[in-house]
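Below you'll find the structure, written out as structure tokens, and then a few comments.
A, B, ... follow the sequence lines: proteins, then strands. Residue 1 opens every chain.
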Protein chains: 2
Amino acid sequence: MDQVLSSVRNGCRLLKIFLDSPKELGVTELSKKLQLSKGAVHKLLSTLESEGFIRQNEKTKQYTLGYTLLELGTKVLTNHDIVDFSKPFLDQLVSRTNELAVLCVQDSKDAIYVAKEDSLHPVRFTVESFRRFPLYSTSAARVLLAYQPEEFQDEILQEHPLKSYTPHSYTSVEQIKEDLVAIREQGYEISSNRRNTGVTGIAAPIFDSTGHVTASVSVIGPSDRVMPKKEEILQETLATVRAMSAQLGYRMS
Amino acid sequence: MDQVLSSVRNGCRLLKIFLDSPKELGVTELSKKLQLSKGAVHKLLSTLESEGFIRQNEKTKQYTLGYTLLELGTKVLTNHDIVDFSKPFLDQLVSRTNELAVLCVQDSKDAIYVAKEDSLHPVRFTVESFRRFPLYSTSAARVLLAYQPEEFQDEILQEHPLKSYTPHSYTSVEQIKEDLVAIREQGYEISSNRRNTGVTGIAAPIFDSTGHVTASVSVIGPSDRVMPKKEEILQETLATVRAMSAQLGYRMS
DNA sequence: AACGTTGTTCTCTATTCGTGAACAAAACAG
DNA sequence: CTGTTTTGTTCACGAATAGAGAACAACGTT
């Protein structure tokens, strides 16, 4: 593409560097990571600072993310009505399964947990909300991928190196694609010990009135607690996504 | 200033337009608000979209804020250790006063509530976190302003039109400035019926080890409930900010 | 006290940003 | 269903500027 404003893209990338970094970064460090001159990075920083997207620590002279991003981030949440909509459903699912329940959506080539409800176990799993992860890596995400066109699936599966997180992980693209077909046929996925050893996820899709998958719900817990009850949890999960889909205007065929 | 990358600034302002708008906006609308050509806005949008800062609704063709802003926003929060630090203090303050307690910080020329703890009253006040407001408008903010250099105070007070929110509001700059001196002398502020009729705020500053004011704490409630107990609430608030300041390494002189 | 950093400023040219008009594709009204 | 308006999108070009690179100042370290 050449329809891209390079300095805007640099600004965006500069901000995103902070996602995987300690809280403060200096000009020199940023210029290395962005592969830009120090002068250019400095101009970027002072522009972003004047708009509140970046803040400079007066003592250390280093830079951090600014409060305007906090405002914008909360605005994203309030815009996103499915988050509010899902809250009572997730609550109920947790109270019935006693495990972590999450709501997962797709954003271009990534998946994101946008809502979650922790279980009440004293020792419990939780997930990081709002962080991107690959569409093939968790059960909630794979359910989303399963309902995408095949060309898109191939694009995703080719692009990424498909790291094996655990010994049980998928190894071949063909294997994943078979699995995606199976998800679509049965309408859910139960995945054990894939990304994280000892973790089992049970996930199912939510449909809107046009029949598109808008999000997925997943119950996640330790395998030895979840697997014995897997039928029961699956039924609860399916009941939840059906209720949500119905409320969104979806009519089962 | 001419040390500013204009397209980056335009991108930032484009994003901020969404803060005070419905959730979706079109190119034409944005180009009017930004006073830029439609073509330029379109380039901005597709650049921001390719970085995840903007999302386009495929049906309506309109644009919304993207999930990357959610990631960045939560990162701001996790970076900001005073938020975690304040949590137990705010909790305790609420349990002792039975009113809303907030933590307020300054960001350039604005104030922002970065943490809050609602009271347990069935009908209760609350505030919107993470939205900017003027430094002269609430007691928590005025406490922050009171400890700023006088030139800065003048800058703030001159710049804004100083709207009178209620009949009891300040009208003149001199009046506010006298008040700021008083805040600094007594170390707290009690403000009634200023911005919102019937609301009373009791606020006091937190000092760090270098003696700078890093944030302020305020207890906010309906005047008829707060004013009768104002001495008690004030003492609780002062005890809280002193404990917080001490833990940050501040030594009272 | 000398050094190696850091963030900041400056100048200059190749680059690109923003305009304005033309385009297609919806949404609308009659 | 059809003409009309408004939408998002594309394009080409000239004016404006973004980014490189070196020099600077202000640190902290050795």
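OP1 or OP2 of D/dA18 has not a single side-chain nitrogen or oxygen of A/Asn10 nearer than 4.0 Å. Close to D/dA18, at under 4.0 Å from its OP1 or OP2, lies no side-chain N or O of A/Ser6. One finds no side-chain N or O of A/Gln62 lying less than 4.0 angstrom from the OP1 or OP2 phosphate oxygen of C/dT6. Distances shorter than 4.0 Å separate some side-chain N or O of A/Tyr63 from OP1 or OP2 on C/dT8. Using a 4.0 Å cut-off, some side-chain N or O of A/His42 falls inside it from OP1 or OP2 of C/dT8. For A/Thr28 and C/dG7, the shortest distance from a side-chain N or O to OP1 or OP2 is below 4.0 Å.
Looking at B/Lys38, its side chain comes within 3.5 Å of the base of D/dG8 through a donor and an acceptor atom.
For A/Ala40, whose side chain is taken as the heavy atoms from C-beta onward, the closest listed nucleotide among C/dT6, D/dT7, D/dA20 is D/dA20. Of all nucleotides listed (C/dG7, C/dG18, D/dT9), D/dT9 comes nearest to the side chain of B/Val27.
When each of A/Lys61 and A/Ser7 is assigned the nucleotide of DNA chain D bearing its nearest heavy atom, the one mapping closer to the 5' terminus is A/Ser7.
The distance from atom CG of B/Leu5 to atom C1' of D/dA16 is 13 Å, rounded to the nearest whole Å. Residue A/Leu45 contributes atom CG, which lies 9 Å from atom P of C/dG7 at whole-angstrom precision. Spacing between atom CD of A/Glu58 and atom P of C/dT6 amounts to 21 Å, rounded to whole angstrom units. When the C1' atom of D/dT17 is taken as reference, atom CZ of B/Arg9 falls 12 Å away, rounded to whole Å. The separation between A/Leu14 atom CG and D/dG19 atom C1' is 14 Å, rounded to whole Å. Counting to the nearest Å, the C1' atom of D/dA18 and the NZ atom of B/Lys43 are 14 Å from each other.
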message: Please determine whether salt bridge (charged side-chain N to carboxylate O under 4.0 Å, His left out) holds for the pair B/Asp20 and B/Lys33, giving the CA-CA distance in whole Å, both sets of side-chain angles, and the decisive distance to 0.1 Å.
response: CA-CA 12 Å; B/Asp20 302 302; B/Lys33 299 204 181 189; over 6 Å; no
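Under the side-chain hydrogen bond (donor to acceptor under 3.5 Å, both in side chains) test applied with B/Gln148, the options B/Gln153, B/Glu155, B/Gln106 reduce to a single match, B/Gln106.
In summary, B/Glu51 and A/Arg9 do not engage in a salt bridge, as defined by a charged side-chain N under 4.0 Å from a carboxylate O. In summary, A/Glu49 and A/Arg55 do not engage in a salt bridge, as defined by a charged side-chain N under 4.0 Å from a carboxylate O.
Within the nucleic acid shown, A/Ser37 comes within 4.0 Å of at least one base atom, counting heavy atoms only. B/Gln56 comes within 4.0 angstrom of the backbone, heavy atoms only, and of no base. Counting non-hydrogen atoms under 4.0 angstrom, B/Gly26 reaches the backbone sugars and phosphates but no base.
Between A/Phe207 and A/Tyr250, the ring planes lie parallel to each other; the angle is under 30°, not in the 30° to 60° tilted range.
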